[in-house]
Amino acid sequence: GDRVLLRAKSTILFTVHPRKKTGATVLPPSTLLAEVTLSGTSIILTTAIPSWAKKISIMFAGMSTNGASIPLLRIGPSSGVETTSYASVSTNGITSSGGSTGYHLAGAWGATYDSYGIAHLYLQKASTNTWVLNGNCAHPTPGNSTEFAGHKSVAGAMTTLTITTVGGTDTFDAGTISVMYE
């Protein structure tokens with residue numbers, strides 16, 4: 001049957017192993033990391049994505065900052081987060097945002113915004129460590145939603161996820177993020 005692993009005082013909350021069937025391929029487990037409370041201008045979400053991971057889900061709840069700089073997700077190998085060569089676009093249907101310094105997680109942003117949503121990263125091409133992103137989020141304040149997508153090749157197997165803002169100086173003042181990989 002399925003095996004569930006619970007650890008106290010650890011960053012791994014649970015691991016679910018799929019059932020093994022005779023002759024069937026067994027997929028790697030899904031692992032949910034501990035929730036990260038957002039504070040500061042740049043937050044390391046994890047440095048422990050395993051080399052076998054093919055899908056990563058980043059779930060944010062109540063994410064807020066003290067300014068108008070758009071939240072930015074960045075990825076990287078064990079040598080550190082990468083800050084160039086992203087192809088990223090986000091839109092709320094009226095305003096769009098995009099750039100090459102990280103994955104943009106909103107089309108527009110303000111100090112009163114709060115954000116609830118999910119971003120999915122998929123390993124698109126293993127030989128070049130190319131990851132594609134898609135996702136969406138709701139902003140109850142001011143009452144709109146955002147869709148986003150992008151891609152990025154990293155210098156080695158991706159292990160690290162961080163969040164900051166486009167300007168890098170706005171402070172996250174509320175919310176949490178959870179990361180799950182499989």
Side-chain angles (χ1 to χ4, degrees), residues 1-38 40 42-61 63 71-90 98-106 115-137 146-164 172 175-182:
D2 290 350
R3 181 177 73 169
V4 176
L5 171 67
L6 298 173
R7 293 184 188 167
K9 296 185 180 184
S10 176
T11 58
I12 297 176
L13 295 182
F14 71 86
T15 301
V16 177
H17 291 273
R19 293 182 197 151
K20 185 174 183 176
K21 297 178 182 177
T22 305
T25 302
V26 176
L27 299 173
S30 295
T31 301
L32 177 65
L33 300 177
E35 186 174 71
V36 175
T37 300
L38 299 175
S42 180
I43 300 113
I44 298 171
L45 301 174
T46 185
T47 59
I49 302 296
S51 60
W52 53 259
K54 306 291 185 270
K55 178 183 177 186
I56 303 163
S57 299
I58 301 100
M59 299 153 282
F60 36 98
M63 179 173 66
L72 200 62
L73 180 69
R74 289 181 170 155
I75 64 176
S78 61
S79 59
V81 68
E82 295 185 3
T83 60
T84 62
S85 303
Y86 291 80
S88 172
V89 174
S90 60
S100 62
T101 61
Y103 295 118
H104 288 230
L105 299 180
S115 188
Y116 298 81
I118 190 163
H120 295 288
L121 284 165
Y122 300 93
L123 181 61
Q124 184 265 328
K125 188 173 183 181
S127 64
T128 58
N129 297 301
T130 301
W131 290 83
V132 295
L133 171 97
N134 79 331
N136 52 42
C137 59
T146 297
E147 295 180 348
F148 41 84
H151 72 87
K152 164 83 174 129
S153 295
V154 293
M158 199 259 284
T159 63
T160 305
L161 296 171
T162 66
I163 192 161
T164 187
F172 288 91
T176 60
I177 292 182
S178 297
V179 175
M180 182 173 73
Y181 58 81
E182 50 190 294

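We use all heavy atoms of the structure for the numbers below, so side chains are in, but hydrogens, waters and symmetry mates are not.
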Checklist entry - Does any donor atom in the side chain of Thr176 or Glu35 lie under 3.5 Å from an acceptor atom in the other side chain? => result yes
Within the 4.5 Å heavy-atom criterion, are [X] and [Y] side-chain neighbours or not?
X	Y	answer
Met63	Pro71	yes
Tyr181	Ser30	no
Glu182	Lys54	no
Leu38	Ile177	yes

Checklist entry - So, the side chain of Lys152 versus the backbone of Gly150: is there a donor-acceptor pair under 3.5 Å, distance only? => result no
Checklist entry - Can you tell me how far the CG atom of Leu73 sits from the CZ atom of Phe60, to the nearest 0.5 Å? => result 8.5 Å
Checklist outcome for this item: To the nearest 0.5 Å, atom CD1 of Ile56 lies from atom OG1 of Thr46 at 9.0 Å
Over all heavy atoms of both residues, which pair between [X] and [Y] is shortest? Give the atoms and the distance, please.
X	Y	value
Ile118	Ser57	CD1-CB, 4.1 Å
Leu45	Ile163	CD2-CG2, 4.2 Å
Phe172	Thr164	CZ-O, 3.4 Å
Leu105	Cys137	O-SG, 3.7 Å
Pro77	Thr160	O-OG1, 3.6 Å
Ile49	Ala53	CG2-CB, 3.7 Å

Item to check | Candidates Lys125, His151, Gln124, Met158 - the one meeting side chain to side chain contact (heavy atoms under 4.5 Å, CB included) with Trp131 | outcome: Met158
Item to check | Thr159, Val81, Leu121, Leu133 screened by side chain to side chain contact (heavy atoms under 4.5 Å, CB included) with Ile75, the one that passes | outcome: Leu121
Item to check | Ser178 and Leu32: CA distance, side-chain angles, deciding distance, side-chain contact (heavy atoms from CB on, under 4.5 Å) verdict | outcome: CA-CA 7 Å; Ser178 297; Leu32 177 65; 4.2 Å; yes
Next on the checklist: With a 4.0 Å cut-off on N to O distance, would you call Arg74 and Glu82 a salt bridge?
Outcome noted: no
Next on the checklist: Evaluate Asn134 against Tyr122 for side-chain contact (heavy atoms from CB on, under 4.5 Å), listing each step before the verdict.
Outcome noted: CA-CA 9 Å; Asn134 79 331; Tyr122 300 93; 3.5 Å; yes
Checklist entry - For Tyr103 and Tyr86, what are the C-alpha separation, side-chain angles and deciding distance, and is it a ring-ring contact (aromatic ring centres under 6.0 Å, His included)? => result CA-CA 7 Å; Tyr103 295 118; Tyr86 291 80; 5.1 Å; yes
Checklist entry - Thr101 and Thr84: side-chain contact (heavy atoms from CB on, under 4.5 Å), yes or no, with the steps? => result CA-CA 5 Å; Thr101 61; Thr84 62; 5.9 Å; no
